[in-house]
Amino acid sequence: MRYSQILLPTLKETPAEAEVVSHRLLLRAGYIRKLTAGVYSYLPFGLAALRKVEQIVREEMNRAGAQEILMPMVQPADLWRETGRYEKYGPELLRFKDRHDRESCLGPTHEEVITDLVRKNVHSYRDMPLNLYQVQTKFRDEIRPRFGLMRGREFVMKDAYSFDVDDEAASKSYQVMYETYQRIFERCGLEFRAVEADSGTIGGSFSHEFMVLAETGEDTLAICNDCEYAANVEKAEVVLPSPVDEEAAELEKIETPGKRKVNTVCEFMGIKADELVKTLVYLAGDETVAVLVRGDREVEEVKLKNQLGVAEVIMADDKQVYDATGVPTGYLGPVDLSIRLLVDREVAAMRNFVVGANEKNFHMINVNPGRDFELAEVADLRCIETDDPCPECGGTIRMTEGIEVGHIFKLGTVYSQDMNAVYQDHDGKDKTIVMGCYGIGVSRIVAAAIEQNHDENGIIFPKQLAPCQVIILNLGTNDKTITAEAERLYAELQNRGIEVLLDDRDERPGSKFKDADLIGIPLRLTVGKRFVKDSVIEIRHRADGRVEEIVPEQVVDTLLAELSSI
RNA sequence: CGGAACGUGGCGCAGUCUGGUAGCGCACUUGACUGGGGGUCAAGUGGUCGGAGGUUCAAAUCCUCUCGUUCCGACCA
């Protein structure tokens, strides 16, 4: 490739619409351009990076015994009605009618289509296990597309579906995919964690998300500094604290005029927030419940939801609190409280703390669980926080953001039952096929890789994902010696099968250096004055800025050695 | 869907409050100089100011509607 001929429109300034790093750099480096909200064109280098990810995914899927197919993007509504998802899926499913008034939709995922395919073509236990996958453009009409390739409406996804005779075989297929995913993300050069995901709606099944660790992630993860533990904060368990060994002092009511907030009460009484317990009121279905957590903690609403077994919990407003308890907000406490009370495990282990007195302008001190109020319902209800102990190894937890790049799911027979996908077993009886599904956000990986690998000058692609491995800068396009050497190197590297871009533009050196940094090519060769003077070529590593000067004869061997470390 | 902001040449922006011949930087074209971290000078190209309607002698500017984009939230996973 010659820079003078390729469409690689780099920008000095960042388009105003781009907020996150990967979006900014993808635009600036000339990798993508937006057509409309959440829909992008891939320019040559953007496509090249995408292909690199696809290639890794394909190799590993094939190695795992999966077979590649390609399914239609346009799908008939009737198929979706069989699973009830045409109604359930919501407005993310882009629906339309064709010229014959047939209802159709653009595929946001392919469980229905693949299950249809399999029920028509797989009839015997001999046909399984079977794992089929595709790499394809998906369309989800997101309410709010954002962050460029991170959450587009149209995006490239690898989706795989496994079919097995029973649950045990399906678990094996799941395990194979779990390991395959580990390999894929490792080969992509990404720092990632596999985290257990919520299996909520489909009982009995299980599921893992693969998260790339990066600041711009949309999910918050609790990860351990000392071991491999990682969990979505919604699921991360807070370790049971050991009870405080302290003698219970005498309960006392004191006046706290106008002091309602945790910090004002603390200030007024000269205590810290961890010596106080706050009482929060939630609406959970038809019920109103109170939750006790330490003054400096937050309630994790997902945990509360699961504890109560309801679909949703909403924080009560001042009026709802008063209606339910007869106490104005700010003075609530567990002593003689009239509504159902849930106690965070941490609070249950505390002694002699401060709570509201259930009376305007009064708080209580030296409150003790068990003695002053009943510990009817104790559970893990608070958010895990930085420096909390790790539930696995006891190390310390830190919080980080994660980008979901993969999600694997044991589906069971959810779809096969609805769509009557059965096979004939040894005994001649029809049995329902057991399924799994496995997704990877291929285009999202490109964005995630950039989120994780960049500096102030631009992208730093891992070698495995870079559109090409080497860029040669000809710093003397009007100098015969320099140009001849740059051209010679270019031809030689191509012959040796190295992916190389030759910057043969009549630009000043500064521009060429800036562009080379911006587009993120791992290795840079510079042919310039130093070649004329000392017959040396400069080789520079984008990732760490390391520079060496070598004679032309060494170039190919040096590059091959560098690239073999992939 | 709720809240907020923005829309002026390819990109980034000023001008809008206070109506009066559309501007700046970058990019692009031509020429000269220059040539190892986005260079200098000169001369140029390119915009019916998102669209429609209205007010006015006069609208980028005021009013109404509309389309688009972005941010926060909700939703979804």
Side-chain angles (χ1 to χ4, degrees), chain A residues 7 9-20 23-24 27-30 33-40 85 88-93 108-109 111 138 140-148 150-151 153 155 157 195 197-202 207-211 216-220 232 234-235 301-302 311-312 314-315 402-409 437 439 441 444 456-458 473-479 481-483 486 503 505-519 524-534 536-540 542 545 547 549:
Chain A
L7 181 63
T10 56
L11 302 172
K12 262 192 203 175
E13 280 168 296
T14 305
E17 69 191 39
E19 283 293 313
V20 301
H23 192 193
R24 282 204 297 264
L27 289 169
R28 280 196 57 209
R33 286 295 183 262
K34 185 175 72 174
L35 178 63
T36 181
V39 178
Y40 292 84
R85 286 214 291 182
K88 266 190 292 191
Y89 206 93
E92 272 187 18
L93 183 65
T109 177
E111 282 83 6
K138 297 275 187 283
R140 293 182 186 172
D141 199 0
E142 296 279 349
I143 299 172
R144 191 180 153 205
R146 55 183 136 180
F147 304 155
M150 293 257 280
R151 181 175 288 276
R153 292 194 297 165
F155 58 99
M157 181 175 178
V195 306
D198 200 0
S199 58
T201 45
I202 304 172
S207 166
H208 286 87
E209 289 169 337
F210 290 79
M211 299 287 214
T216 22
E218 296 187 276
D219 296 85
T220 305
N232 201 310
E234 295 173 354
K235 295 205 74 178
E301 295 187 2
V302 173
E312 191 180 37
I314 304 165
M315 187 89 138
I403 303 166
E404 183 187 336
V405 290
H407 198 163
I408 61 177
F409 213 102
C437 73
R444 188 180 273 185
E456 64 281 2
N457 294 314
L473 302 189
N474 175 351
L475 290 196
T477 47
N478 49 9
D479 179 304
T481 314
I482 293 172
T483 300
D503 191 346
R505 298 172 301 166
D506 182 20
E507 288 285 342
R508 295 179 59 85
S511 305
K512 296 194 175 192
F513 288 134
K514 289 289 184 189
D515 276 335
D517 285 346
L518 179 60
I519 62 183
R524 185 184 85 193
L525 296 178
T526 305
V527 187
K529 265 189 197 157
R530 301 278 292 119
F531 178 73
V532 178
K533 230 192 317 176
D534 306 318
V536 291
I537 311 282
E538 179 195 282
I539 173 167
R540 184 174 186 270
R542 176 68 180 90
V547 173
E549 291 193 326

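Side chains are part of it too, since the values below use all heavy atoms of this structure and drop only hydrogens, waters and symmetry mates. So you know, we letter chains A, B, ... as the sequences are listed, proteins then strands, and number each from 1.
- If you take atom C1' in B:G19 and the same atom in B:C57, they sit 12 Å apart, rounded to whole Å.
- With both ends at atom C1', the span from B:G10 to B:U16 equals 24 Å, rounded to whole Å.
- Atom C1' of nucleotide B:U70 and atom CZ of A:R24 are separated by 14 Å, given to the nearest angstrom.
- Comparing the P positions of B:U61 and B:G20 gives an interatomic distance of 10 Å, to the nearest angstrom.
- Legend: residues meeting ring-ring contact (aromatic ring centres under 6.0 Å, His included) with A:F210, ordered by chain and number and at least two apart, are A:Y178, A:Y181, A:F185.
- Taking atom CD on A:E17 and atom P on B:C13, their separation rounds to 11 Å, with Å as the unit.
- The nearest pair of heavy atoms linking A:R28 to A:L518 is O-CD2, 3.5 Å.
- Phosphate contact (OP1/OP2 of B:U69, side-chain N/O of A:T36, threshold under 4.0 Å): present.
- Checked by atom type and distance alone, the side chain of A:T483 pairs as donor or acceptor with a backbone atom of A:G476 at under 3.5 Å.
- Using a 4.0 Å heavy-atom distance criterion, A:T526 is classed as a base contact.
- Contact annotation for A:K512: no contact, since no heavy-atom pair falls under 4.0 Å across all strands.
- In this structure A:R151 satisfies the side-chain hydrogen bond (donor to acceptor under 3.5 Å, both in side chains) test together with A:E142, A:E218, sequence neighbours excluded.
- Residue A:R508 places its side chain closer to B:G39 than to any other of B:G39, B:G36, B:C28.
- Rounded to an integer number of Å, the gap from CD of A:E456 to P of B:G38 is 15 Å.
- Among the heavy atoms of the strands, none lies under 4.0 Å from A:A18.
- Distance A:L473 CG to B:G37 P: 12 Å, rounded to the nearest Å.
- A:R444 places a side-chain N or O within 3.5 Å of a backbone atom of A:M150 that can act as its donor or acceptor partner.
- Among the nucleotides B:G38, B:G36, B:U69, the one closest to any side-chain atom of A:L475 is B:G36.
- Pair check for B:U29 finds B:A43; Watson-Crick or G-U wobble, both atom distances under 3.5 Å.
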Short heteroatom pairs, N/O only, protein and nucleotides 73-77 of chain B, under 3.5 Å:
residue : atom : partner : partner atom : Å
B:C76   : O2'  : A:E92   : OE2          : 3.4

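- Considering only the side chain of A:P509, B:G35 comes nearest among B:G12, B:G38, B:G35.
- Residue-level contact check: A:D517 touches the bases, meaning some heavy atom is under 4.0 Å from a base atom.
- Distance, A:H23 NE2 to B:U69 P: 12 Å, rounded to whole Å.
- Comparing B:G44 with B:C49, their C1' atoms sit 23 Å apart, to the nearest whole Å.
- For B:A59, there is no paired nucleotide, since no Watson-Crick or G-U wobble pair has both relevant distances below 3.5 Å.
- Summarising the geometry, the separation between CG on A:D479 and P on B:U34 is reported as 14 Å, rounded to the nearest angstrom.
- A:E538 is linked by a salt bridge (Lys or Arg N to Asp or Glu O under 4.0 Å) to A:R524, counting only residues two or more places apart in sequence or in another chain.
- Here the side chain of A:R140 pairs a donor or acceptor atom with the backbone of A:P108 at under 3.5 angstrom.
- Rounded to a whole angstrom, the distance from the C1' atom of B:U21 to that of B:A60 is 14 Å.
- Nucleotides B:C17 and B:A22 place their P atoms 16 Å apart, quoted to the nearest Å.
- Of all nucleotides present, none satisfies the Watson-Crick or G-U wobble test against B:A22 with each distance under 3.5 Å.
- Look at the P atom in both B:U30 and B:G15: the space between them is 34 Å, to the nearest Å.
- When rounded to the nearest whole Å, the span between CG of A:L525 and C1' of B:G36 equals 15 Å.
- Among the nucleotides B:G25, B:G38, B:G35, the one closest to any side-chain atom of A:N478 is B:G35.
- Here the side chain of A:K512 pairs no donor or acceptor atom with the backbone of A:T526 at under 3.5 angstrom.
- Nucleotide B:G38: unpaired (no Watson-Crick or G-U wobble partner with both distances less than 3.5 Å).
- For A:K12 and B:G25, the shortest distance from a side-chain N or O to OP1 or OP2 is not below 4.0 Å.
- Distance check on atom C1': B:C63 versus B:G47 gives 25 Å, rounded to whole Å.
- Scored by the salt bridge (Lys or Arg N to Asp or Glu O under 4.0 Å) test, A:E549 finds A:R530 as partners (sequence neighbours excluded).
- No engagement by A:R33 is indicated, since no non-hydrogen atom pair under 4.0 Å with the nucleic acid exists.
- The separation between A:R28 atom CZ and B:G12 atom C1' is 12 Å, rounded to whole Å.
- Remark: B:C6 base-pairs with B:G68; criterion is Watson-Crick or G-U wobble with both hydrogen-bond distances under 3.5 Å.
- No N or O donor and acceptor, one from the side chain of A:E507 and one from the base of B:G38, sit under 3.5 Å apart.
- Phosphate proximity of B:G36 to A:K529: present, with a side-chain N or O under 4.0 Å from OP1 or OP2.
- With distances taken from any side-chain atom of A:F513 to the nucleotides B:G36, B:G38, B:U69, the minimum falls on B:G36.
- Each of A:E19 and A:G510 has a nearest nucleotide on RNA chain B; the 5'-most of these lies closest to A:G510.
- With sequence neighbours left out, A:K34 forms a salt bridge (Lys or Arg N to Asp or Glu O under 4.0 Å) with A:E17.
- Within 4.0 Å (heavy atoms only), A:D506 reaches at least one base atom of the nucleic acid.
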